[in-house]
Amino acid sequence: MTRPEIDDKTLLAAALAGLLPDDPPGSARAGALRTHILDAARRSRTQVVRAEEGEWTPFVPGIHIKTLRRDPHSSTQTSLWRIEPGAVIPPHPHASEEECLVLSGSVVHDGVEYHTGDYLLAAPGERHKAFTSPDGALLMIRGELLPDPARVRALLENPQDA
């Protein structure tokens, strides 16, 4: 009686679980599996977004956001925020931690100005007052998923709908 053929993924999973079949795979198949495993190990898992890639999306007046990473499983995202001179990030709460790094320019929050290289960490539950940027800024922000920009703009135009 011939044994049914086992696909490579099943054989690999069995090997990793210590459940190899009684008859090991032939040398050609073992070599192919070894090559497959080594190729997968060499592949970079680094995600790259080049400076010229991605889309700058209008968020609120004077602010455009470029998403670098969005992870719906952890409900987080990393993005760049390009803030025009005089633009305002409206007051907002934080359901989870948010990290902000000023890459260029400056922002003012609660009377304190933050410059290139400054890092801010907002704790869960914190409610920010408005941020302003007198001369413009570029920020990298890692935090919770942002709401749909169209909804945010609509709420700013009609706060009674909030």
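All values derive from a computational prediction rather than experimental measurement.
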Quick one: does Val112's side chain get under 4.5 Å of Leu120's, heavy atoms only?
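Of all side-chain heavy-atom pairs linking Leu120 with Val112, none is under 4.5 Å.
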
Quick one: does Glu144's side chain get under 4.5 Å of Ser75's, heavy atoms only?
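Sidechains of Ser75 and Glu144: no contact.
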
Sequence-distant partners of His94, ring-ring contact (aromatic ring centres under 6.0 Å, His included), two or more places apart:
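Residues passing ring-ring contact (aromatic ring centres under 6.0 Å, His included) with His94: His92, His128.
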
Using the ring-ring contact (aromatic ring centres under 6.0 Å, His included) criterion, which residues pair with His64? Sequence neighbours excluded.
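Once residues adjacent in sequence are excluded, His64 has no partner under the ring-ring contact (aromatic ring centres under 6.0 Å, His included) criterion.
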
Considering only Ile, Leu, Val, Met, Phe, Trp and Tyr, and joining two whenever side-chain heavy atoms are under 4.5 Å apart, list the other residues clustered with [X].
X: Val108; result: none
X: Val48; result: none
X: Val88; result: none

Among residues two or more places apart or on two chains, list those pairs meeting salt bridge (charged side-chain N to carboxylate O under 4.0 Å, His left out) that have a residue in [range].
range: residues 78-103; answer: Glu99-Arg142
range: residues 50-59; answer: none
range: residues 123-136; answer: Asp110-Lys129

If you take all heavy atoms of [X] and [Y], which pair is closest and at what distance?
X: His109; Y: Ala130; value: CD2-O, 3.8 Å
X: Pro72; Y: Leu145; value: CA-CD1, 4.2 Å
X: His115; Y: Ser106; value: ND1-CB, 3.7 Å
X: Gly62; Y: Ala87; value: O-CB, 3.5 Å
X: Ser79; Y: Ile65; value: CB-CG2, 3.7 Å

Arg69: partners by salt bridge (charged side-chain N to carboxylate O under 4.0 Å, His left out), with sequence neighbours left out
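Residues passing salt bridge (charged side-chain N to carboxylate O under 4.0 Å, His left out) with Arg69: Asp71.
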
Would you compute the distance between atom OG1 of Thr76 and atom CZ of Arg70 and round it to the nearest 0.5 angstrom?
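Interatomic distance, Thr76 OG1 to Arg70 CZ, rounded to 0.5 Å: 9.5 Å.
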
Spacing of Thr57 atom OG1 and Ile63 atom CD1 [to the nearest 0.5 Å]:
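Between atom OG1 of Thr57 and atom CD1 of Ile63 there are 13.0 Å.
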
Can you sort out the partners of Leu103 under side chain to side chain contact (heavy atoms under 4.5 Å, CB included), two or more places apart, ordered by chain and number?
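For Leu103 the side chain to side chain contact (heavy atoms under 4.5 Å, CB included) partners, ignoring immediate neighbours, are Leu80, Leu101, Leu138, Met140.
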
Are Val60 and Trp56 co-members of a hydrophobic cluster defined by side-chain heavy atoms under 4.5 Å apart?
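No, because Trp56 and Val60 fall into different hydrophobic clusters, even though each may have its own neighbours under 4.5 Å.
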
Answer with yes or no whether the hydrophobic clustering places Leu146 together with Leu68; edges join I, L, V, M, F, W, Y residues whose side-chain heavy atoms lie under 4.5 Å apart.
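No; Leu68 is not reachable from Leu146 via cluster members.
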
Set of residues satisfying side chain to side chain donor-acceptor pair (under 3.5 Å) with respect to Thr132, sequence neighbours excluded
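Counting only residues at least two positions away or on another chain, Thr132 forms no side chain to side chain donor-acceptor pair (under 3.5 Å).
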
Output every pair passing ring-ring contact (aromatic ring centres under 6.0 Å, His included) with a member in residues 66-88, not counting sequence neighbours, ordered by first then second residue.
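Every ring-ring contact (aromatic ring centres under 6.0 Å, His included) pair that includes a residue of residues 66-88, provided the two are not neighbours, is Phe59-Trp81.
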
